[in-house]
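Input: a single structure, listed below in structure tokens.
Values below: every heavy atom of this structure, side chains too, minus hydrogens, waters and symmetry copies. We number each residue from 1, following the sequence as shown. Since the model is a prediction, treat every value here as computed from it, not as a measurement.
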Amino acid sequence: MTGMERIEALRGSIDGLDRQIIELLAQRTAIVMELTEHKRDEATVRSPGRVEQVIDKVRRIATEHGMPPGVAEGTYRALIHELTELQLVRLAERKAAGLLGPEPDAEPAGIEPAGTGPAAEAAGTAQPAREGAA
């Protein structure tokens with residue numbers, strides 16, 4: 001096989017891999033967009049802690065496979081950026097359509113959760129406020 005024949009064969013292999021990669025990215029995108037339907041605000045969409053978990057994971061996987069981790073990181077940062085933008089657009093559409101409504105665990109306006117508020121304080125039975133309930 002000549003050098004040019006080998007180049008063409010390798011390019012054919014790359015073309016096949018590109019098809020597989022795009023198919024997998026399309027599946028990943030579909031899952032991200034479904035996940036977006038369960039998010040209620042920009043902070044949840046952006047999830048910087050989750051982003052760094054993903055970046056750390058893909059760097060490890062790249063290293064395990066002999067790939068420069070910077071290539072994986074750069075690719076995923078671009079992917080995450082683009083998918084975040086899509087999620088923000090969808091979140092804005094849901095807000096504009098009034099599809100978000102109140103938080104599922106939110107108390108109705110003007111009603112204090114049990115064990116809190118002035119009546120509980122007066123009775124000496126007030127509970128400390130919950131912070132960071134996740």
Side-chain angles (χ1 to χ4, degrees):
M1 178 179 288
T2 68
M4 283 306 294
E5 290 170 333
R6 183 66 182 147
I7 288 171
E8 289 306 313
L10 291 170
R11 286 179 176 165
S13 295
I14 288 171
D15 291 346
L17 289 170
D18 286 343
R19 174 167 290 286
Q20 292 175 359
I21 290 167
I22 295 301
E23 288 171 359
L24 291 171
L25 288 174
Q27 290 176 30
R28 189 183 196 286
T29 299
I31 292 168
V32 167
M33 295 313 291
E34 180 179 345
L35 181 61
T36 304
E37 298 304 309
H38 300 280
K39 294 181 179 181
R40 305 181 61 78
D41 55 44
E42 184 174 341
T44 308
V45 167
R46 291 195 183 279
S47 303
R50 173 64 178 151
V51 169
E52 292 312 311
Q53 286 176 344
V54 171
I55 296 301
D56 289 346
K57 175 190 67 179
V58 298
R59 287 182 66 86
R60 278 193 309 277
I61 294 169
T63 300
E64 290 168 9
H65 289 276
M67 176 183 178
V71 173
E73 179 175 345
T75 300
Y76 267 76
R77 286 203 185 274
L79 175 64
I80 290 167
H81 171 77
E82 293 298 325
L83 291 176
T84 297
E85 293 301 313
L86 284 174
Q87 289 184 82
L88 291 173
V89 166
R90 180 61 187 140
L91 183 66
E93 290 170 350
R94 290 173 54 223
K95 281 182 182 178
L99 298 176
L100 294 182
E103 291 289 330
D105 295 334
E107 296 293 328
I111 299 176
E112 299 287 342
T116 65
E121 288 174 15
T125 59
Q127 302 288 321
R130 293 186 313 166
E131 291 193 30

Look at atom CD of E23 and say whether more than 12 heavy atoms of other residues, nucleotides or ligands are closer to it than 6.0 Å. yes
Residues passing the side-chain hydrogen bond (donor to acceptor under 3.5 Å, both in side chains) test with T36, sequence neighbours excluded, are Q87
Reported CE-to-CD1 distance for the pair M33 and I31, which is rounded to 0.5 angstrom: 12.5 Å
To the nearest 0.5 angstrom, please state how far the CD atom of E64 sits from the CZ atom of R60. 7.5 Å
Residue list, side-chain hydrogen bond (donor to acceptor under 3.5 Å, both in side chains) with E8, at least two apart or on another chain: R11
Given the rule that I, L, V, M, F, W and Y join up when any side-chain heavy atoms are under 4.5 Å apart, are L25 and M67 in one cluster? no
I'd like to know if L99 and L88 are part of one continuous hydrophobic network [Ile/Leu/Val/Met/Phe/Trp/Tyr, side-chain heavy atoms within less than 4.5 Å]. no
Shared hydrophobic cluster for L86 and Y76 (ILVMFWY, side-chain gaps under 4.5 Å): yes
Consider only side-chain heavy atoms of I, L, V, M, F, W and Y, link residues closer than 4.5 Å, and tell whether L35 and L100 are in one cluster. no
For R19, which residues count as a side-chain hydrogen bond (donor to acceptor under 3.5 Å, both in side chains) partner, sequence neighbours excluded? none
Hey, could you give me the CG/CZ distance between L79 and R28, rounded to the nearest 0.5 Å? 5.0 Å
Mind checking the CG-CG spacing from D41 to L91? Nearest 0.5 Å is all I need. 7.0 Å
Which residues share a side-chain hydrogen bond (donor to acceptor under 3.5 Å, both in side chains) with E93, sequence neighbours left out: R90
For A72 and A62 the tightest heavy-atom approach is CB-CB, 3.7 Å
With sequence neighbours excluded, residues passing side-chain contact (heavy atoms from CB on, under 4.5 Å) with T75: V71
Just verifying a value: how many Å separate R50 CZ and K57 NZ, rounded to the nearest 0.5 Å? 5.5 Å
Verify, without hydrogens or angle tests, whether R94 (side chain) and E37 (backbone) share a donor-acceptor contact under 3.5 angstrom. yes
Restricting to side-chain contact (heavy atoms from CB on, under 4.5 Å), what partner residues turn up for V51, sequence neighbours left out? I55, R77, I80
